[in-house]
S.K.: 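Could you have a look at this structure, given as structure tokens, before my questions?
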Amino acid sequence: MDSCEKKHGMNKGFILILLMVLCIASFFISIGNGAVKISPKEIVDAVFFEKDTINYQVIWNVRLPRTIVAGLVGICLSLSGAILQGIMRNPLAGPNIIGVSSGGGLMALTILILFPEFYYLVPVGAFIGSLLATLFIYCLAWKDGVLPTRLILAGVAVSSLLNSGINALMTFFPDKVAGVIGFMVGGLSATTWSQVKLLFPYAVVGVFLVMLLPNKLNILMLGDEVATGLGLNVEKTRFSFIVLSSLFAGSAVSVVGLLGFVGLIVPHMTRLFIGSDYRYLFPGCIFFGSSVVILCDTLARVLFAPMEIPVGIIMSALGAPFFLYLLRKKESV
Amino acid sequence: MMGIKVEDLYVNYGDKEVIKGVNFQIEDGYVVTIIGPNGSGKSTILKAISRCLKPVKGKVYLDDENIYTINTKKVAQKLAILPQVKNVSSDVVVEELVSYGRYPHLGFGKKLKKEDLEIVDWAIEKTGLKDLRKRFVSTLSGGERQRAWIAMSLAQKPKILLLDEPTTFLDISYQLEVLELIKELNETLNLTVVMVLHDLNQAARYSDEIFVINDGKLSKSGCPKDIISTSLLRDVFRIKADIYEDSINNCPYFIPKKIDKIVN
């Protein structure tokens with residue numbers, strides 16, 4: 001047992017490097033595959049040296065923004081989920097629990113179905129919707145402080161309320177449902193540089209916070225009372241983390257639609273690889289989260305080419321069984 | 001005054017009044033045990049002192065400063081708490097858990113310096129966990145695990161340690177192990193200890209002073225010899241008991257005989 005535990009500690013840095021390699025590899029796989037196959041060498045040539053080839057056009061205008069958005073979405077959602085699972089000390093917590101999907105979804109669908117002429121407001125609307133739903137849930141759970149269980153229950157209740165709104169909209173306007181399916185399952189088709197610009201600030205802030213905050217989460221994991229005893233302001237920390245993860249997940253949802261599954265499952269998978277210490281878990285989630293979304297999106301484009309499947313379907317179809325496999329293999333978690 | 005002072009404390013759980021006006025002070029270097037029947041509010045008092053529960057009324061002072069207005073990290077540098085409900089991920093090793101005790105002392109970067117690591121080593125040594133420092137906390141026995149948590153509190157370098165039922169769920173040998181450790185820390189480090197215990201004989205043996213809480217009020221306080229009496233056991237705990245003198249440990253002990261039926 002002792003030697004196994006030592007190995008465990010030493011491996012973490014190595015696993016992190018592996019995940020980083022996976023991230024870089026998936027970047028090249030994603031850019032190289034599609035209607036035109038491009039080799040890694042051609043990718044480097046096209047990005048840095050040749051400016052007027054077809055490869056350059058394909059990569060620069062279509063594949064690069066799409067791959068970057070996929071990566072950023074993966075980062076935002078998995079960080080969001082990792083934070084929420086930590087502050088609620090509950091493995092089922094994810095962006096969906098704090099109303100990101102239902103709040104963002106209802107707002108986006110309201111715009112798409114009732115005010116289609118304002119379709120360009122969908123990202124902003126989804127973002128605001130997610131944040132409002134989160135704050136609403138937080139206020140409902142507040143009673144001399146917020147307990148994780150109460151927050152989760154309030155989240156489940158509010159989410160089903162908002163989801164009934166979504167379903168009502170789809171029932172009353174069946175003719176417009178086809179147009180919103182893409183948003184509902186989450187997809188990355190027709191991504192451009194403007195979406196990269198939208199997501200980039202959040203991802204940068206995310207990576208920056210990863211350097212600063214893991215200790216607070218490690219402490220919070222020990223329990224509210226222990227954390228208080230160690231001089232952590234539990235209420236304040238929990239609130240700021242909830243807002244932070246809502247911002248992360250909301251920004252991702254606003255760009256690609258309801259892809260909340262990533263936020264639930266990637267942090268778990270990363271935890272199975274690298275353990276629950278947030279100093280490793282955060283960077284692990286950044287690398288693995290982006291790899292997962294990038295690779296799934298590549299599959300979504302290539303698998304039934306020229307037809308494209310929404311990435312959310314691939315993600316769930318592959319992610320869930322793989323996750324179950326990991327869960328069975330590693331009994332200790 | 002150096003130490004803890006509780007002034008006119010009222011604490012509620014929701015709408016229910018649990019603590020109804022308690023006053024006491026605890027001077028540095030003492031081992032104080034709070035006893036009382038279930039639901040009397042003894043743990044609640046500890047939670048109020050450890051700022052996990054906000055009082056409705058009244059104040060708690062730590063070295064003459066109001067505990068709710070000073071920076072919580074400053075409090076944590078002097079006062080460590082070991083609650084009943086603790087949580088640790090299955091892959092946290094002992095030395096990692098102990099190092100979390102340095103949290104209130106760390107600067108902005110939250111990096112452990114050489115000095116912090118030395119304190120972690122010292123806390124591990126003090127609690128006899130040297131051979132177990134690389135083990136997962138989740139794989140330790142109950143007594144070892146409790147020692148690991150105490151080591152974390154020690155790494156905080158507090159002068160006061162609050163423990164909420166530190167022996168609950170431990171079998172008798174682990175109970176003694178933990179209480180002996182607490183006593184030793186009190187003697188060698190002059191650590192002030194305030195704890196809640198259920199076992200009155202253990203309270204009598206290991207404390208300098210005992211506070212008896214009954215129905216949200218401090219009904220009696222003093223040294224074990226004055227506290228453990230047939231009248232207290234009858235009035236507060238509702239049992240009939242014979243009291244003896246433990247000449248080896250120089251403390252009173254009692255053997256419960258039967259429940260004293262409440263006659264209305």
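Within every chain, numbering begins at 1; the chains are lettered A, B, ... in the order of the sequence lines, protein sequences first and strands thereafter.
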S.K.: Given a strict heavy-atom distance threshold of 4.5 Å, which part of A:L222 is in contact with chain B: side chain, backbone, both, or neither?
M.R.: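 It is both, since atoms from each part get that close.
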S.K.: So which residue, A:V234, A:L232, A:D277, A:V226, ends up with the most heavy-atom pairs under 4.5 Å with chain B?
M.R.: A:V226
S.K.: Relative to chain A, which of B:M152, B:Q84, B:R102 shows the most heavy atom pairs under 4.5 Å?
M.R.: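 It is B:M152.
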S.K.: Quick one: what part of B:K54 sits under 4.5 Å from any heavy atom of chain A, side chain, backbone, both or neither?
M.R.: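 No part of B:K54 comes within 4.5 Å of chain A.
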S.K.: Indicate yes or no: does B:K86 engage B:D164 in a salt bridge with an N to O separation below 4.0 Å.
M.R.: no
S.K.: If you tally heavy-atom pairs under 4.5 Å against chain B, which of A:S276, A:A227, A:P214 wins?
M.R.: A:S276
S.K.: Would you say the side chains of B:T72 and A:N233 form a donor-acceptor pair under 3.5 Å?
M.R.: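 Looking only at side-chain atoms, A:N233 and B:T72 do not form any donor-acceptor pair under 3.5 Å.
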S.K.: Does any heavy atom of chain A fall under 4.5 Å from the side chain of B:Q77, the backbone, both, or neither of them?
M.R.: neither
S.K.: Answer yes when B:D121 and B:R133 have at least one side-chain N-carboxylate O distance shorter than 4.0 Å, and no when they do not.
M.R.: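 Yes, B:D121 and B:R133 are salt-bridged.
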S.K.: May I ask you to decide whether A:R271 forms a salt bridge with B:D91, counting only side-chain N to carboxylate O separations under 4.0 Å?
M.R.: no
S.K.: Side chain, backbone, both or neither: which part of B:V85 has an atom under 4.5 Å from a heavy atom of chain A?
M.R.: backbone
S.K.: If we ignore angles and hydrogens, is there a donor and acceptor under 3.5 Å between the side chains of B:N190 and B:D28?
M.R.: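 Side chains of B:N190 and B:D28: no pair found under 3.5 Å.
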S.K.: Checking heavy atoms, do the side chain of B:L97, its backbone, both or neither come under 4.5 Å from chain A?
M.R.: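 Answer is side chain: those atoms of B:L97 sit under 4.5 Å from chain A.
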S.K.: Verify the neighbour count for atom CD of B:E118: are there more than 12 heavy atoms of other residues, nucleotides or ligands below 6.0 Å?
M.R.: yes
